[in-house]
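As structure tokens, the structure follows; a few thoughts come after it.
In what follows, every chain begins at residue 1, and chains take the letters A, B, ... in the order their sequences are listed. Keep in mind it's a predicted model, so treat the numbers as computed, not measured.
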Amino acid sequence: CPECATVLANEQVVGGNCWRHEDTPVIQKELEQWFVKTTQYSDELLRDLDNLEGWPEKVRTMQRNWIGRSEGALLDFKIDGPTGRAGDKVTVFTTRIDTIYGATSIQLAPEHPLVADLVGSDPSLLSKIEDLIAEQKKARDQEEVESMEKHGVFTGRYVINPFSQEKMPIWVANYILMGYGTGAIMSVPAHDERDYAFAEKYGIDIKIVVLPRRTSEPPAPGEDEKPMLPYTAEDSMLINSGEFNELSNEDAMKKMTAYAEQHGFGKATTTYRLKDWGISRQRYWGTPIPMLYCEKDGVVPVPESQLPVLLPDNVEVTLQGGSPLGRIPGFVNATCPKCGGAARRETDTMDTFVDSSWYFYRYTSPQANDKPFDTREADYWFPIDQYIGGVEHAILHLIYSRFWTKFMRDISLVHNDEPVTRLFTQGMVIKDGAKMSKNRGNVVSPDDMVARFGADSTRMYALFAAPPDRDLDWQEAGVEGVHRFLGRVYRFVMRNASAALDRSSAQPVTQELSPKVRQVQRKLHQTIKRVTDDFQGRWHFNTCVAAIMEFVNELYAAEDEISAGRFPAPLLADVQRSLVLLLEPFAPYLAAELWETLGEKDTLLRHPWPKYDAALAKEDEIEYAVQVNGKLKARVSVPADSPEDFVREQALADDKVKAALEGKQIAKVIVVAGKLVNIVVR
RNA sequence: GCGGAAGUGGUGGAACUGGCAGACACACCAUCUUGAGGGGGUGGCGCCGAGAGGCGUGGGGGUUCAAAUCCCCCCUUCCGCACCA
């Protein structure tokens with residue numbers, strides 16, 4: 001990244017740009033760098049995703065795609081005619097070995113090493129290939145890869161198809177990537193879209209070798225024998241494929257791979273999109289890579305007794321490229337631990353993602369001075385029960401830290417296979433349809449809102465606006481509502497706190513409650529349950545807030561009971577304490593203030609969460625919806641726990657229901673306990 | 001192209017295992033607070049319709065006594081990956 005003046009890993013390039021500078025295109029340079037062999041764990045990283053049931057499907061899928069496993073075969077094609085330094089054959093990777101009899105050319109990436117051999121003597125060809133390379137680079141830089149027109153150059157040379165022994169022309173094409181597979185493909189125009197387009201353009205042979213039907217099934221009468229081209233489905237049968245004719249394509253893949261292995265020109269293989277992790281960074285701030293370069297002994301690791309390598313102070317950061325550490329002789333000059341001679345210290349530092357891959361393990365033993373962390377402590381705490389972060393780390397931090405855990409397990413530092421059991425990805429804050437970012441200039445600081453409405457209102461509004469796993473389109477409208485609500489709470493407590501100040505209010509309520517007061521009590525316990533459940537289980541803080549609002553509305557509706565003296569002081573005190581406790585996670589400042597106002601002396605934070613009492617939450621009467629053929633006709637109230645027969649009776653006795661039933665015959669009556677009655681009529 | 005998520009009033013969003021669609025808010029309307037504005041209180045507010053009633057969760061089919069929710073097809077939006085051979 002030119003802006004960071006440092007190297008980036010594959011994962012840190014987002015759409016051709018730097019992950020930290022989203023409008024700065026990365027440039028490519030050849031450099032010698034340190035890599036961590038993440039690919040060693042490709043298979044395990046992929047396989048274990050199936051067990052991460054506490055992770056969002058989206059993240060698991062993104063990781064699967066990123067690892068990009070694909071099974072296929074490597075096949076050698078002998079080059080016809082003189083060869084050079086790159087050898088006498090071309091190895092291609094294919095997932096469709098069954099179509100090899102339909103391969104009518106070989107396509108090489110422009111950077112393929114063989115290209116130089118093949119075109120060495122033809123300068124006009126060479127310049128055309130350089131054009132292809134330049135074109136690929138430009139398309140990548142400008143993110144126009146998909147719209148780039150496919151074209152290529154015939155090298156004038158041929159290979160021999162190891163199955164059919166036919167001669168196949170070798171082309172160099174701009175759509176072949178050196179970075180995937182072997183940088184060379186066998187082109188099967190009849191059964192691959194890109195190959196088809198390419199062959200059409202250059203008049204390369206198109207040979208159909210699979211048909212869209214199964215071996216056992218005869219061709220349906222009137223069915224077209226020839227498939228629509230290109231025919232890429234795999235539910236098919238082989239033709240024009242020598243001894244493999246009439247095999248289903250699964251069988252053909254197995255048999256042809258075995259054949260290639262027996263004859264020594266191919267083998268089954270699995271490729272991955274995941275690359276090793278380049279961790280060298282040309283930054284001052286970073287963990288030094290503890291390696292030395294000795295002229296005599298080569299690359300020598302810094303001995304454990306000399307770890308950690310500490311960064312020097314007073315470094316000038318110039319952004320000139322290369323590590324700033326390289327200009328500090330005191331840091332660079334070292335002694336070779338093997339021969340005692342002069343050695344040069346590695347001046348690149350590690351990617352920050354190295355540190356973030358295991359920082360949480362350090363939390364388990366922050367005092368450990370002679371090791372990263374204590375394994376026993378890590379065993380006690382790990383894996384992490386619940387991890388929270390943005391989905392933007394799905395293929396960065398979250399894949400690196402999984403890798404790091406597996407590596408540490410293999411060197412016996414930890415005993416867990418995965419770092420995190422449950423992952424929660426919170427949504428992004430969107431403004432005007434775009435992710436908020438400094439580069440876009442659409443960042444809305446919460447400070448203005450805090451200044452106008454206070455931190456409590458701002459926080460609570462953010463929680464109320466949407467559940468936290470969803471993206472939130474930030475808009476100012478709405479915060480007033482939350483602010484008003486907190487005002488309502490404040491005024492209610494200010495008016496009624498005196499009830500709580502009388503210490504005798506700790507006494508249980510003995511007197512008979514008026515219906516309105518009983519309703520408040522009931523609503524209180526229903527609210528405690530709703531808030532507790534939504535808070536613990538689903539993390540739906542918006543519905544928690546809504547529930548508390550409903551409760552406060554209920555309190556306002558009962559204020560006349562208070563002024564009429566029909567609201568027992570102990571209950572009123574309990575109601576207010578519970579309200580403040582419920583509010584505390586959402587509006588901590590106001591809650592603390594009200595807690596004091598209620599005369600409480602202990603710290604609000606340490607006070608136990610209010611208890612839900614099922615008996616007090618219970619409704620005395622339940623309203624049933626009465627439907628006729630699924631359409632709502634009436635509502636009837638019955639005492640809670642009424643037997644089904646009674647509910648049915650009451651429903652059928654309702655006037656509106658009777659009217660709806662007139663002249664109809666009742667076929668069935670369904671009673672859903674506590675909910676509704678559905679009368680099915682003919 | 002592949003994969004993921006989502007589509008519910010004017011708006012943000014509720015409806016948790018199929019059971020009263022629209023909780024709670026915003027906006028809007030009415031009303032009270034001696035006038036206006038502000039603040040506060042109370043009430044109204046899916047659509048069509050005078051009403052009875054009908055319609056209604058992106059569209060179309062299906063399963064069911066009952067569908068926002070389950071199944072099939074299609075459309076749209078957002079996100080991720082991608083000449084992946």
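When distances are taken from the side chain of Thr95(A) to each of C83(B), A85(B), G4(B), the shortest belongs to A85(B). Set against A21(B), G12(B), A85(B), the side chain of Ala465(A) has G12(B) as its closest nucleotide. When the nucleotides A85(B), C65(B), G54(B) are ranked by their closest atom to the side chain of Ile670(A), C65(B) comes out on top. For Pro467(A), the side-chain atoms get nearest to G13(B) when compared with the rest of A25(B), C83(B), G13(B). Here G13(B) is the nucleotide among A82(B), G13(B), G4(B) with the atom lying nearest to any side-chain atom of Ala466(A).
A salt bridge links Arg194(A) with Asp192(A): the distance from a Lys NZ or Arg NE/NH1/NH2 to an Asp or Glu carboxylate oxygen falls below 4.0 Å. The pair Arg648(A)-Glu644(A) meets the salt-bridge criterion, since a charged nitrogen lies less than 4.0 angstrom from a carboxylate oxygen. The residues Lys128(A) and Asp131(A) are annotated as not salt-bridged, no charged nitrogen and carboxylate oxygen being separated by less than 4.0 angstrom.
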Where protein sits on nucleotides 40-49 of chain B, one letter per nucleotide: B base, S sugar-phosphate only, - none, heavy atoms under 4.0 Å: SSS-------
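Taking atom P on both nucleotides, G49(B) is separated from C55(B) by 16 Å, rounded to a whole Å. Comparing the C1' positions of C24(B) and U31(B) gives an interatomic distance of 23 Å, to the nearest angstrom. Separation of the P atoms belonging to U77(B) and C71(B) is 24 Å when rounded to the nearest angstrom. Comparing the same atom, P, in G53(B) and in G59(B) gives a spacing of 26 Å after rounding to whole Å. Taking atom P on both nucleotides, C28(B) is separated from G19(B) by 35 Å, rounded to a whole Å. Between the P atoms of A21(B) and G46(B), the separation comes to 14 Å (whole Å). Across U69(B) and C78(B), the matching P atoms stand 24 Å from one another, rounded to whole Å. Comparing the P positions of G7(B) and C16(B) gives an interatomic distance of 13 Å, to the nearest angstrom.
Listed for the Gln12(A) side chain is a donor-acceptor partner under 3.5 Å among the backbone atoms of Ala9(A). Side-chain atoms of Ser563(A) come within 3.5 Å of backbone atoms of Asp560(A) as a donor-acceptor pair (strictly under, hydrogens ignored). A donor-acceptor contact shorter than 3.5 Å is absent between the side chain of Glu554(A) and the backbone of Val520(A). Looking at Tyr101(A), its side chain never comes within 3.5 Å of a backbone N or O of Ser164(A) through a donor-acceptor pair. Checking side-chain atoms of His191(A) against main-chain N and O of Val210(A) turns up a donor-acceptor pair under 3.5 Å. In this structure a side-chain-to-backbone donor-acceptor pair under 3.5 Å is present from Asn678(A) to Gly630(A). Side-chain atoms of Lys201(A) come within 3.5 Å of backbone atoms of Lys150(A) as a donor-acceptor pair (strictly under, hydrogens ignored).
By the rule that a glycosidic angle within 90° of 0 means syn, G12(B) does not qualify and counts as anti.
Looking at Asn678(A), its side chain comes within 3.5 Å of the base of C65(B) through a donor and an acceptor atom. Scanning atom types as modelled, no donor and acceptor separated by under 3.5 angstrom connect the side chain of Lys668(A) and the base of C65(B).
Listed pair Arg64(A) / G4(B) fails the phosphate criterion, with no side-chain N or O lying under 4.0 Å from OP1 or OP2. Look at Lys631(A) and you'll find a side-chain N or O under 4.0 angstrom from OP1 or OP2 of C55(B).
Between the CD atom of Glu11(A) and the P atom of A82(B) there is a distance of 11 Å, given to the nearest Å. What separates CG of Leu274(A) from C1' of A82(B) is a distance of 16 Å, to the nearest Å. We find that CG of Leu632(A) is positioned 12 Å from C1' of A66(B), with the value rounded to whole Å. Spacing between atom CZ of Arg470(A) and atom P of U8(B) amounts to 9 Å, rounded to whole angstrom units. In this structure, Glu392(A) places its CD atom 12 Å from P of C81(B), rounding to the nearest Å. Atom CG of Leu472(A) and atom P of G13(B) are 7 Å apart (whole Å). Summarising the geometry, the separation between CD1 on Ile100(A) and C1' on A85(B) is reported as 13 Å, rounded to the nearest angstrom. Atom NZ of Lys529(A) and atom C1' of C16(B) are 11 Å apart (whole Å).
Take the nearest nucleotide of RNA chain B for Gly481(A) and for Tyr461(A): the residue whose nucleotide is more 5' is Tyr461(A). Sequence order on RNA chain B of the closest nucleotides to Met549(A) and Asp471(A) puts Asp471(A) first from the 5' end.
A pairwise comparison of heavy atoms in Ile206(A) and Pro189(A) identifies CG1-CB, 3.7 Å as the closest pair.
Among the protein residues, Tyr624(A) comes within range of no part of the nucleic acid, since none of its heavy atoms lies under 4.0 Å from any strand. At the heavy-atom level, Gln107(A) lies nowhere under 4.0 Å from the strands shown.
Across residues 538-545 of chain A, Arg538(A), Asn542(A), Thr543(A) each have a non-hydrogen atom less than 4.0 Å from an atom of RNA chain B (numbered order).
Residue Arg495(A) places its CZ atom among more than 12 non-hydrogen atoms of other residues, nucleotides or ligands, all under 6.0 Å distant.
Helical stems involving RNA chain B, defined as 3 or more consecutive Watson-Crick or G-U pairs under 3.5 Å, span B:1-7 with B:75-81, B:10-12 with B:24-26, B:28-33 with B:39-44, B:46-48 with B:53-55, B:58-62 with B:70-74.
When each of His525(A), His540(A), Glu550(A) is tested with Arg530(A) by the rule side chain to side chain donor-acceptor pair (under 3.5 Å), just one qualifies, namely Glu550(A).
Note: Tyr180(A) and Phe93(A) have perpendicular aromatic rings, judged against thresholds of 30 and 60 degrees for the angle between ring planes.
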